[in-house]
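Here's the structure we're looking at; comments come further down.
Sequence positions, counted from 1, serve as the residue numbers for this chain.
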Amino acid sequence: MQKTIKILGIISITIGAATALLCISPISGAPIIALPIGFIGMVFSCIYIFIDTQKELSTKKITPGIIGLLLSSTPVILILIFTIINHFKS
């Protein structure tokens, strides 16, 4: 179980970091590509958090699952921010 949770943590952070980098990438359309990748990262992070909470494996408050979840949610947060900014401009 420890090996599984460690692999899930690495996957969560890796996908989250890739998603965050795609969001700030100057490539046109990269944030749109980051959305489905971020969703996959959120799924892995949620599985990590579920197993970690269920088995009580870690007592730390900040785990790799939470870091991966925050990184994977960056495209959604950026799109929300841009939507709010554009709403108040008009």
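Here CD1 of I79 is found 12.5 Å from CD1 of I84. Values are rounded to the nearest 0.5 Å. Distance CZ/F44 to CD1/I10: 12.5 Å, rounded to 0.5 Å. Taken from SG in C46 to CD1 in I51, the straight-line distance is 11.5 Å, to the nearest 0.5 Å. Put simply, CG on D52 and CD1 on I49 are 8.0 Å apart, with the number rounded to the nearest 0.5 Å. Interatomic distance, CD1 of I40 versus OG of S12, reported as 12.0 Å (0.5 Å rounding). Between the CD1 atom in I77 and the OG atom in S72 there is a gap of 10.5 Å [rounded to 0.5 Å].
More than 12 heavy atoms of other shown residues, nucleotides or ligands fall within 6.0 angstrom of atom CD in Q54.
Summarising the geometry of V76 relative to M42, their closest heavy-atom pair is CG2-CE, 4.2 Å, with the distance given to 0.1 Å. Taking every heavy atom of both residues into account, T19 and A34 meet most closely at CG2-O, 3.6 Å.
When each of I13, L8, L69, I5 is checked for a side-chain contact (heavy atoms from CB on, under 4.5 Å) with P64, only I13 meets the rule.
The side chain to side chain contact (heavy atoms under 4.5 Å, CB included) search around A20 returns L71, T74, not counting sequence neighbours. The side chain to side chain contact (heavy atoms under 4.5 Å, CB included) search around I7 returns K3, I11, not counting sequence neighbours.
Under the 4.5 Å side-chain heavy-atom criterion for ILVMFWY residues, no single connected hydrophobic cluster contains both L78 and L70. The hydrophobic clustering, which links ILVMFWY residues whose side-chain heavy atoms are closer than 4.5 Å, places I32 and I15 apart. Cluster annotation: I37 and Y48 are assigned to the same hydrophobic cluster (Ile/Leu/Val/Met/Phe/Trp/Tyr, side-chain heavy-atom contacts under 4.5 Å, transitive).
Between the side chain of S25 and the backbone N or O of L21 there is no donor-acceptor pair closer than 3.5 Å. The main-chain N or O of F50 is never found under 3.5 Å from a side-chain atom of T53 such that the two would form a donor-acceptor pair.
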